[in-house]
Asker: 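To start, I am sharing the structure in question, which I have written as structure tokens.
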Amino acid sequence: MAAPVRKAVFPVAGLGTRFLPASKAIPKEMLTVVDRPLIQIVVDEAREAGIEHFIFVTGRNKSAIEDHFDRQPELEQALAARGKTAELEALTRDLPAPGETSFVRQQEPLGLGHAVWCARELVGREPFALILPDVLVQSKGKGCTAQMLDVYEAHGGNIIAVEPVPDDQVKNYGVVSIGEGDGRVFPIDFMVEKPAPGTEPSNLTILGRYILQPEIFDILSAKETGAGGEIQITDAMIRLLETQDFHALKYEGRTFDCGSKMGFLLANVAYALARPDLGPAFAAEVKKLL
Ligand code: UTP
């Protein structure tokens, strides 16, 4: 039986340059989709999947994330005094229990692979989920991480969530080449980061959700740089594929790349429309705007 996945790593140390000036003093991961910060939405997804420990790889100017996952006694007292019990309960529900969160600093944003490597001591020698907080997956049933853990239970090894994108966009992503599967889960033959046009092995791109084995840390410790001079997680996974199995999951759900302005705006619209308390009125207002 495959070792259980108990921990999730959330890299949040990037500079968020595509979101300046909003991300100058506020971490990009604290930007809200409707009224929930991006980082809270992905932590909810991990908790729903049964993850027990939440590891954040942070940097300078990111302390708002740590504060967000802490108690706020003054606010709690004020809500209690005003009889706002529903709001108080909601705040309490969102909080991981004491001891379930850990924070480590990357010190310098040298790339996603380097951010993951910074979590090595906190993860230890066990498999873990890697969840990028700027990618949201809105699903009808189970969340993306829970879907991936189901696949992990069946296949073990390493699992990558993949999404088909239009052919002209494949060059911007890490891409997988797959063998024969069941229409949903496929063995991965090889991977390539940002393939030159005409050399793409498929249109299935690596999206921002992974289940990885701890041997990835051994490869990342070489600190080899790749595309853009950054230490890339895809390069390390390509090396790990030489000795371990990887499966790709075409998950159920709609993806929003909230690291881009367009994806972030669309996520706000989609999540607002899906909210029972807001959706109908919001749809009517948007129709008027258009
Ligand atoms: P991105 O490349 O989307 O984020 O990384 P970024 O670098 O902050 O954004 P831009 O491109 O400058 O606008 C995906 C995730 O990985 C984290 C980011 O914080 C983001 O959540 N990351 C990236 C790190 O933690 N460290 C890094 O060195 C790079």
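Quick caveat, the model's predicted, so the values are computed rather than measured. One-based numbering, in listed order, for ligands and for the atoms of each.
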Asker: Contact between Gln106 and ligand 1, counting heavy atoms under 4.0 Å?
Answerer: yes

Asker: For Ala13, is at least one N or O under 3.5 Å away from an N or O on ligand 1?
Answerer: yes

Asker: Measuring from atom 14 (C) of ligand 1, which candidate in Val135, Thr17, Asp134 has the nearest non-hydrogen atom?
Answerer: Asp134

Asker: Evaluate the salt bridge (charged side-chain N to carboxylate O under 4.0 Å, His left out) criterion for residues Glu45 and Arg209: first the C-alpha distance (whole Å), next the side-chain angles of each, then the deciding distance (0.1 Å), finally the verdict.
Answerer: CA-CA 11 Å; Glu45 180 187 311; Arg209 300 282 186 278; 2.8 Å; yes

Asker: Determine the minimum heavy-atom distance between Thr101 and His53, stating which atoms define it.
Answerer: C-NE2, 3.8 Å

Asker: Which of the numbered atoms in ligand 1 are under 4.0 angstrom from any heavy atom belonging to Pro133?
Answerer: 21 (O)

Asker: If you compare all heavy atoms of Leu132 against all heavy atoms of Pro11, which two are closest, and at what distance to 0.1 Å?
Answerer: CD2-CG, 3.6 Å

Asker: Heavy-atom distances under 4.0 Å decide this one: backbone, side chain, both or neither, for Glu230 against ligand 1?
Answerer: neither

Asker: Would you check if the side chain of Lys7 reaches a backbone N or O of Glu126 as a donor-acceptor pair within less than 3.5 Å?
Answerer: no

Asker: Can you tell me how far apart CG (Leu38) and CG (Asp134) are? Round to the nearest 0.5 Å.
Answerer: 7.5 Å

Asker: Consider every N or O of Gly111 and every N or O of ligand 1, then say whether any pair is closer than 3.5 Å.
Answerer: yes

Asker: Supply the atom-to-atom distance Asn268 CG to Asp35 CG, rounded to the nearest 0.5 angstrom.
Answerer: 10.0 Å

Asker: Using a 3.5 Å cut-off on N or O atoms only, is Gly14 in polar contact with ligand 1?
Answerer: yes

Asker: Please work out which of the three classes, parallel, tilted or perpendicular, describes the rings of Phe10 and Phe54, given edges at 30° and 60°.
Answerer: parallel

Asker: Please tabulate, for the side chains in residues 177-192, all donor-acceptor contacts under 3.5 angstrom to protein atoms that are two or more places apart in sequence or on a different chain.
Answerer:
residue, atom, partner, partner atom, Å
Asp182, OD1, Arg184, N, 2.8
Asp182, OD1, Val185, N, 2.7

Asker: Which atoms of ligand 1 have any heavy atom of Ala115 under 4.0 Å away?
Answerer: 24 (C), 25 (O), 26 (N)

Asker: Pull out every atom of ligand 1 sitting under 4.0 Å from any heavy atom of Arg18, numbered as shown with elements.
Answerer: 1 (P), 3 (O), 9 (O), 10 (P), 11 (O), 13 (O)

Asker: Between Phe56 and Phe69 (judged by ring centroids, cut-off 6.0 Å), do the two rings come close enough to count as a pair?
Answerer: yes

Asker: Please indicate whether any nitrogen or oxygen in Gly16 is less than 3.5 Å from any nitrogen or oxygen in ligand 1.
Answerer: yes

Asker: Does some non-hydrogen atom of Pro109 fall short of 4.0 Å from ligand 1?
Answerer: yes

Asker: Does any N or O of ligand 1 fall below 3.5 Å from an N or O anywhere on Pro11, backbone included?
Answerer: yes

Asker: For ligand 1, is there an N or O atom under 3.5 Å from any N or O atom of Leu15?
Answerer: yes

Asker: Among all protein heavy atoms in this structure, tell me which lies nearest to atom 4 (O) of ligand 1, with the distance rounded to 0.1 Å.
Answerer: Lys28 NZ, 3.0 Å

Asker: Distance from Arg93 atom CZ to Asp44 atom CG, nearest 0.5 Å?
Answerer: 10.0 Å

Asker: Which of the atoms of ligand 1 are close to Leu110, meaning less than 4.0 Å from one of its heavy atoms?
Answerer: 28 (O)

